[in-house]
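Fair warning: this is a prediction, and the values are worked out from it, not measured in the lab. As the structure lists them, so they are numbered: ligands from 1, and atoms in each ligand from 1.
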Amino acid sequence: MIRLSRKSLTALALVTGLGLAGAAVAAVNARAVIEAREANFKTIGKSMKAINDGLRADAPDMAAIAGNAATIRGLAPKISTWFPKGTGPESGVKTEARAEIWTDAAGFAAAARRLEPEAAKLEALARAGDVAGARAQVRMVGGSCKGCHDKFKVD
Ligand code: HEC
């Protein structure tokens, strides 16, 4: 039988306790990170919907479309910072992020980099009042969303 002194038992309890606390902290952090990025993607999704709906009008409100394109343009370069290690499916927190985000980090970063220039082009076309140009460009923006989602997001 292994005999542990009172001292080593206390040390063991302390280490185990700290380990559990550490895991709990990590889980809380993962949840906070995941909820924050989902809120950001909801903002991106709302902007995209407003753009698509807006461009269907006979006389689209191009200032509103430019504003929504600017929202996407502003958030796009931050996307790759929203996925620190430990915030994937292994966190146990509900997320649509696929493990490939971390196993193919270069591919994910490349997919993220495609969005900003497309959103910036849409914003410029909208500011110039180019309805036909904006209608064509919104498809390029949507293609950047889809390009990433197909590979890195659960359906
Ligand atoms: C570089 C990759 C990438 C790009 C680009 C991207 N997304 Fe996503 N998106 C994701 C991932 C990954 C998730 C899942 C996040 C999670 O659940 O933790 C997501 C989630 C979402 C969600 C769901 C949010 C929620 O939880 O309700 C919406 C809506 C969304 N994206 C819209 C868009 C739109 C619109 C675009 C383009 C304008 C876009 N995304 C571009 C990777 C991307």
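Around atom 8 (Fe) of ligand 1, the protein atoms of type N, O or S found under 2.8 Å away are His149 NE2, listed by chain and number.
Of the inter-residue distances, the one linking Ile79 atom CD1 with Phe152 atom CZ reads 12.0 Å to the nearest 0.5 angstrom.
Applying the ring pair (Phe, Tyr, Trp, His ring centres under 6.0 Å) test to residues at least two apart or on different chains, the pairs with a partner in residues 30-79 are Phe41-Trp82.
Remark: the Arg31 side chain and the Ser91 side chain contain no N/O donor-acceptor pair separated by less than 3.5 Å.
Considering each of Glu96, Lys94, Met48, Lys49, the one bringing a non-hydrogen atom nearest atom 23 (C) of ligand 1 is Glu96.
The ligand atoms of ligand 1 that sit less than 4.0 angstrom from a heavy atom of Thr95 are 16 (C), 17 (O), 18 (O). Interface atoms of ligand 1 facing Phe152, defined by a heavy-atom separation under 4.0 Å, are 12 (C).
For Ala76, no heavy-atom contact with ligand 1 is shorter than 4.0 Å. Contacts between Ile101 and ligand 1, counted as non-hydrogen atom pairs separated by less than 4.0 Å, involve the side chain only. Using a 4.0 Å cut-off between heavy atoms, Arg114 makes no contact with ligand 1 at all.
Screening Asp53, Val138, Leu125, Ile51 for a side-chain contact (heavy atoms from CB on, under 4.5 Å) involving Ile65 leaves a single residue, Ile51.
In this structure, Glu118 does not pair ionically with Arg114, as no charged nitrogen and carboxylate oxygen lie closer than 4.0 Å.
An N or O contact shorter than 3.5 Å links Arg37 to ligand 1 by distance.
When the shell of 6.0 Å around CE of Met140 is examined, it contains 12 or fewer heavy atoms from other residues, nucleotides or ligands.
Under a 4.0 Å heavy-atom criterion, Phe83 is in contact with ligand 1.
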